[in-house]
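Below is one structure, written out as structure tokens; comments come after it.
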Amino acid sequence: MSYSDYGDNDPIYGDDLADEDRESRPRLMLMGLRRSGKSSIQRVVFHKMSPTETLFLESTSKINKDNIHSFIDFQVWDFPGQMDFFDPTFDTTAIFGEVGALVFVIDSQDDYMEALARLHSTVVAAYRVNPNITFEVFIHKVDGLSEDYKIDTQRDIQQTTTDELADAGLENVQLAFYLTSIYDHSIFEAFSKVIQKLIPQLPTLENLLNILCANSGIEKAFLFDVISKIYIATDSSPVDSQSYEICSDMIDVIIDISSIYGRAAIGAKSEGYLEDQQDGHDDWTQQQDDYDGSNGNSQHPRQGTQDSRPPSALVSNSSRAGSLNNHPVRTSDNHEAFSVIKMGNGTVLYLREVNKYLALICLLRAETFEKQGLIDYNVHCFKEAMDQVFELKRAERTRREMEANQMLEQQQRHNGMYGHG
Amino acid sequence: MMNRDMLKLRKDPTIPPSSATVTTSNTNAFSVSPRLGSSNADSRRSGGRQRSSPKGSGPIQSLSPSAVPSGSVAGSTAALMASVAAAGSQVSAVTVSNMMGSGPTTTSGVGSAASVLSSGSNHPRSNRQMGSPTRSNKRPLNNRSNTFKFDTNGTLWALSASPDFSMVAVVGRDVLKILSVTESGAEESVNLKTVGIRNNFAGSMDVKWGPTTGRDAKIATIGTNGPIVIWDVGTQNKIDRTIKEHTRAVNRICFSPQEPNLLLSASQDGTIRLWDLRTRGRPGQVMEAKDVVREVQFNPVSMNDIVAGYESGNIQRWDLRNLSTCEKKFMGHMGFVTSLDYHPSGRFLASGGRDRTIKVWDMEDEKRRELHNIPTIQYTSKVQWRPNKPYHLAACFKDEATVQIFDVRRPYVPIHVLSQHDKDATSILWKDTDVLWTVSKDKTFSSTLIRGLPQSADLLPAGKAAMNCYGQLAFTMTTKGGVDSFEKDLVPKPGRPNAKSVALDGSSEAMIYRTRQTGGIFDCEMFNHEAFIYCAQNYSTEAGNIREACEHNANIAWQANRYRDSQTWMAIKLFYSDMAEPTIVLSQAETSTTDPKAISSRKGEATRGEDGSDSDDSVKPHSKLNMPSLFAIKVSDEPVRRDWSHQEQIRTMLEDYAEQGDVQMCVTILLIQAMEHRHCCGTGLRRSWYPQHESGLYHHSHILLQLHETFGDRSSGFIWILGL
């Protein structure tokens, strides 16, 4: 029985979660036909599973709820493909009521007519319950398609879907389409755009980044969530895939380097091969540890021996984050990770830790970078502005965490009562 | 495979391989050997090219008149190689027709694709400087009006000209300037930066000059901190109005060409807003699509029609009389749309997107297919149709210094590649048909006269060739008919049979450029398994006599379609018969009358080989038999053998084969020779030249040994070579 593989591994936020908490925690639902790649996406994006390992994932038989603790906290619900929404026991109001985004995954390498019919019925059902939901369609597994075929597929899917919705009288429903694959950065980019829509502060962040770029001569700036490599904001200039990819790769490099030369490794200094000055990266090193944890976890279903161990790394992840949040923030202003990589083509990559979860990565020309002091100062101002924007939010979160901990205690008393069929 | 078939066809079945040598006279064979040496020397002199070619002109190809098939094949290969090296278009007609007959002919693709690459990266800079001689004679570069640069001391992002093109507003990260432009140059007229700084912004992302002139002149800019700023530049340079209604950054603004007070703004917040500048304080009308709007533009003909490009790659057409839903929506690009431009006719639309294409759409067509698709080197940051040239458009690209002008009918090669900037060109504007204004991150505003510039297509070599690892050679060349001319080579655009064809200039039939280049793929087979196995199984290394063995091997090679190898064997055989040759020649006068056997033996190697094989020692009895003279005795002497004159040829031959990696030939030749020398020469000679090859070939022979053990049944001989 694969129930416990990825089953209800979250005793903290069960169905009977307090309403107020639900409200503040946007929900992101992954839906689609079976074997379309939903669980793989979730594993690759949020748990750092290697794309090749996803072949071994078993099919999901039950709604899998996954709390993502990051800059903004949200829940990812991974639905089993064979779920029937028209089952009377299926509570559409409860499911779609508070959803932030609905991600529908279509396998582009398969015949997608059935998927389109399902998408249509899902959109109709969800829109009836909650018109504020944002619908995102991932045309998935496009790595196997040629360029021409990709655009034809997207055009076809997009046309069919919008026509059908128009026939159903839902012209106002906006679907966003993305071509994705877990084997490259496209899935991360698509998720970035999905998540950005869930961030109420996005316009402010974007504006701050615009000002930062304009005043520092930065060509492109990303605000990255370090763990998932999703960018939660960028300046308003178009994002080309190369800049995103290089920034995302830079995070990997920095994490790897800091896990080797970080302070955790006794006395080792990070001034090494890169022009890489790092201080106070103990937080990041811990995040690296976290990766290991989730990777290890990802192998459990294959081994099949660890079923009895209920709290997977997801829980340990959330509890760890929770415990960290209860600590005072350890990084002070002059103790934060930053890194500079100068590339051969005259471009400079400049990374600066913003807080525990976020890093600012800027792409700029080498000649602009001569005025590094100015850039440092501007980035400092940017961080202060961000702090102001999120101060309220953070205070609220700390309060919620404490409530959650209290609820955990209650939960443990009622253990065994959670879960649903 | 193709090559083999072709060779089979050419092989003359009436001439068996051995007869080729029967007709070879001895004098002829003599004349060959020095040529052989010289051709080898040639091939070594031309070093690099030979090495790169897997089948260079072999040393044996000129062996005898009857070696026509092999000669012409090797010759054609060589001709091709020459064309690879020269990258010229002069491939000989004979070779061409051969290959056209054999290879599948492809049209245009290869060469033009290759040319695009080079035109994009290498040529442009030289284009302007070199020019084509005829053109630059007519119009010297330094005398060109309308070609100048103006340095503004700041990175530039956008430009917009006043309706009469006497002034141009250029904006950038910290630049807000109005320049007055004449044919000879530009100078700064107004600097709005001081006013801007007072209002907390110093630069602008985009600028548009309103269609009004004189006292009503207005320009609109997008401030770096978000708002749209309307400037009154007619009377005094002041801010007329600031619009801050968009919740997120504004990406593009656009004035209506007909109604000077209407302004459109496209924003990150997913809306397009329409502003009437006469009504202050009234909020703009909103067109909402919940998708980041990258670009918006008015139709130049129909005033209520606007078109917008979105982050998702959608292109939408809106009617300003109905702002609730869009009139038409289609997917234009994979990834965001960066630039849109309505054709002056108002019917067609050019769009550039993240997928690195420029597409031309027919907005009146219900089909959602582009009319033209131009692949570009980077994504287009700005595209604009050329006035009065319905098929031409100019585009600049992200991270790319050059500006390219395309004819949509010829998508793969731009008409002109302008490289007046050192860094990314950020925006372009046509002043008129022949003058293009550009701004760039290198801080300059530049004006370029297009007329008279060399066409990039003229600078591209028409012939190209490239080889892949399977030994296939793809090539292109210009077909007969002289220099290609663009207008002459337009053909009707292929389409579905009943599809209505649409031409951008209003003519009845859509045309597309078809290059006169033709091309093909020539299969220069490098390794043939069947032939290898066949030869491995049948080559003889143990026949009693080296000439007999060579004869046998030549036959085998011929049967395996390895004509060159066959010729090599013949040559080796001649080298060895050559040992007795001096005696024959010198004593010819006496022997011709006295010994009829000798004459018969001269007629053919086969007969002589048989003679030789009768006895144990191949040479000694042979010469004795023919020449019971002083010379004959001398020949059979050890010192004379040591002077055997063909060591050098054999060595170069082996080196040549080793270089080509033909292990089979190398080792078989070695074995044959070893057999011969084991029979008839002392260890001194053997040692004298074997060690030189031993080191290089030992490795190969080891591999070959394994191969022979697999495929052939006579491995015993190969054990021996390891013992050398």
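Labels below follow one simple rule: chain letters A, B, ... track the order of the sequence lines, proteins then strands, and each chain is numbered from 1.
Interface residue Q159(A): only side-chain heavy atoms are found under 4.5 Å from chain B. N207(A) touches chain B through its side chain: at least one heavy atom from C-beta onward sits under 4.5 Å away, while N, CA, C and O do not. Contact annotation for N314(B): only side-chain heavy atoms (C-beta onward) come within less than 4.5 Å of a heavy atom of chain A. For D291(B), no part lies near chain A; criterion is any non-hydrogen pair under 4.5 Å. For D269(B), no part sits under 4.5 Å from any heavy atom of chain A, backbone or side chain. Only the side chain of L179(A) comes within contact range of chain B, with at least one heavy atom under 4.5 Å from a heavy atom of that chain. For chain A, no part of E288(B) is nearby; none of its heavy atoms comes within less than 4.5 Å. Of the two parts of D152(A), only the side chain, counted from C-beta on, holds a non-hydrogen atom closer than 4.5 Å to a non-hydrogen atom of chain B.
When each of K359(B), H333(B), E370(B) is tested with S351(B) by the rule side chain to side chain donor-acceptor pair (under 3.5 Å), just one qualifies, namely H333(B). Looking at D424(B), T376(B), T380(B), I377(B) one by one, the single match for side chain to side chain contact (heavy atoms under 4.5 Å, CB included) with E400(B) turns out to be I377(B).
Remark: aromatic rings of F191(A) and F138(A) are close, center separation under 6.0 Å. Taking the centre of each ring, F336(B) and Y379(B) come in below the 6.0 Å mark.
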Pair T161(A)-F104(A), side chain to side chain contact (heavy atoms under 4.5 Å, CB included): steps then yes or no = CA-CA 12 Å; T161(A) 333; F104(A) 195 90; over 6 Å; no
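Most heavy-atom pairs under 4.5 Å with chain B: of the set A176(A), S241(A), S236(A), C213(A), this distinction falls to S236(A). Among Q158(A), E219(A), K193(A), the residue with the largest count of heavy-atom pairs under 4.5 Å with chain B is Q158(A). Contacts with chain B were tallied for E189(A), E206(A), K150(A), Q174(A); E206(A) has the most, counting heavy-atom pairs under 4.5 Å.
Judged purely by distance below 3.5 Å, without hydrogens or angles, the side chains of D235(A) and S237(A) pair a donor atom with an acceptor atom. When only modelled atom types and interatomic distance are considered, K220(A) and T234(A) share a side-chain donor-acceptor pair under 3.5 Å.
Annotation for K141(A): atom NZ counts as buried by contact number, over 12 foreign heavy atoms lying within 6.0 Å.
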